[in-house]
Protein chains: 2
Amino acid sequence: MATTDQPHGKRARRREQIEGEILRVAREHLALHGAAALSLRAIARDLGMVSSGIYRYVESRDDLLTRLIIDSYRSLADAVFAAHDAVDANDLDRRWATIGFALRQWALDQPHDFALIYGSPVPDYQAPADRTAEAGTAVLGLLLRLLQDAHDQHRLTPVDEALDRALDDESLDDLAVTATALSGAPPSDAVRAVGPMLAEPFFAGISIGSAALARGLAAWTLLLGAVTSEVFAQLGPVPDADALFRLHLDVARSLILLPAQSSTGLSTAVFTA
Amino acid sequence: MATTDQPHGKRARRREQIEGEILRVAREHLALHGAAALSLRAIARDLGMVSSGIYRYVESRDDLLTRLIIDSYRSLADAVFAAHDAVDANDLDRRWATIGFALRQWALDQPHDFALIYGSPVPDYQAPADRTAEAGTAVLGLLLRLLQDAHDQHRLTPVDEALDRALDDESLDDLAVTATALSGAPPSDAVRAVGPMLAEPFFAGISIGSAALARGLAAWTLLLGAVTSEVFAQLGPVPDADALFRLHLDVARSLILLPAQSSTGLSTAVFTA
DNA sequence: AGGATAAGTGAGCACCGCTCTTGAAATTTC
DNA sequence: GAAATTTCAAGAGCGGTGCTCACTTATCCT
């Protein structure tokens, strides 16, 4: 009965290194030519190994894509969290703006990575949710925390606003199923209700009511739509993309945050300087 | 000097027919397997011609893709216009809801077509704007007309709302360049300012001010983001996707339309029945 | 009728994902 | 330490792809 479960000899070390190199070269190719042009043979060639050799490390092309997707989610989450955590936690407007700008900048810096996770799903297969869910929800979880803090500071856009009146009760009830706030509801129900993408850890301690969470989702959708529109150039060449994005970001902010007493337009002004 | 410019013999007729069949089969394959799996050889095989023969009719794979993109834009525009034009022109809320639901239904019915035009751009190349611009802007033009009508009926969400206050003057000026309303500006400037996607014919007779147009763009972005989110399953499996979409649609509506006196929630109620 | 033009054919190039066999190396077991 | 076992590199090969080219045949135009 040896104590070592996993091997650790020179072979294992070498394997780990090669796996890392494969992922590194794959990310290079992805950044240069996009996911569609990603070729296992080309990666193997770059690494000086024979084409079939790469299948010792990668199960299939889809498998490699899945790893890249997870990696991209992590990269995005790291960028957004780093930016967000460097901001005064009490400045809700700035936190929202920071999340938005960090997401946008990350997407513009590595458009192929963005396309990988928020563009059209690859060919037939769709990323196995069980491998991408955890990494994919991080940013959304951050938004939830922001909503919770806004709730605690009484800065949430109130429910009786115009846009909520337009939602009749039935719709709101439906939403309570779809995007339930889960105030007090056990996390297991959360997973069932909103699906694996919005899973357990992010709903812990969140209690903001279904309407607020619904508007949070709308803000998120608008933010993501704005970034998508810009990265994919859906409106053609836009002269002042910055201004357009600031508009979208501010509209989205207005869906969740009441304007602070002192500063209006702060979230944009901060980044205009 | 013959009077006929284009040939019309039995050869031309046959060519026209074959071109149509190629597009038809291509659309079949697209619907079944998606754009990434589209193969010229397979199409040629289905048509009983030898693989190289298809290059007499199609310049390249990208060329066929471009035709499919244009076709998809047309198909989408047809669907949205047909639904929209069957609605009372004075009922602005219902017109907006109809546009949104028609877009969503079209996207859900043919997700691969939707991915083709609103998903990640194909491999390296991006669709030549000069061939896709006209078809691509139709729906956006419809939204502009709706905004203009709202303006004329004094139903536009006013400029001094909270979300506009947040936009400082500088931002609004930037936007006036980006998404200028072009009140009175010559169409040639319009093309230069907003790019080929928002080209001449759609700005004829539009005079709603830059702020309203900016909010119109935000509404459009949110709508498109909502459809993208659903078609690409970006939030994972959502139990009540209908309710979530109605929420997004209503939030987007609130960005451009003041609630009518009599009916709140009408736009959703209409389609809930 | 005859030359120009267009369409169909098949071979071929370079690439792709992926599988299988074979021999060498590293590791584990005895 | 030697044998058995697992892991890996390498190569050949299958069927698929986009695309080109030379060649024949059919249609068109004068």
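Naming: A, B, ... by sequence-line order, numbering from 1 per chain.
Listed nucleotides: D/dC19, C/dA6, C/dG8. Nearest to the side chain of B/Arg56: C/dG8.
The base of D/dG16 does not come close enough to the side chain of B/Arg41 for any donor and acceptor atom to sit less than 3.5 Å apart.
For A/Tyr57 and D/dT7, the shortest distance from a side-chain N or O to OP1 or OP2 is not below 4.0 Å.
At a threshold of 4.0 angstrom between heavy atoms, the contacts of A/Leu38 are confined to the sugar-phosphate backbone, with no base atom among them. Heavy atoms of A/Ile54 sit nowhere under 4.0 angstrom from any nucleic acid atom.
Note on the helix from C/dA1-D/dT30 to C/dC30-D/dG1: terminal axis deviation equals 10°, with five pairs used at each end and the result rounded to 10°.
Between the P atom of D/dA26 and the NZ atom of B/Lys10 lies a distance of 11 Å, rounded to the nearest Å.
Taken residue by residue, residues 43-53 of chain A places heavy atoms nearer than 4.0 Å to DNA chain D at A/Val50, A/Ser52.
Side chain of A/Arg61 to backbone of A/Leu38: a donor-acceptor contact under 3.5 angstrom is found.
Here A/Tyr118 and B/Phe232 keep their ring centres 6.0 angstrom or further from each other.
Using modelled atom types, one finds a donor on one side chain and an acceptor on the other under 3.5 Å when comparing B/His248 with A/Thr221.
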Please test B/Asp63 against B/Arg67 for salt bridge (Lys or Arg N to Asp or Glu O under 4.0 Å), starting from the C-alpha separation and ending with a verdict. CA-CA 6 Å; B/Asp63 175 56; B/Arg67 296 193 202 189; 3.1 Å; yes
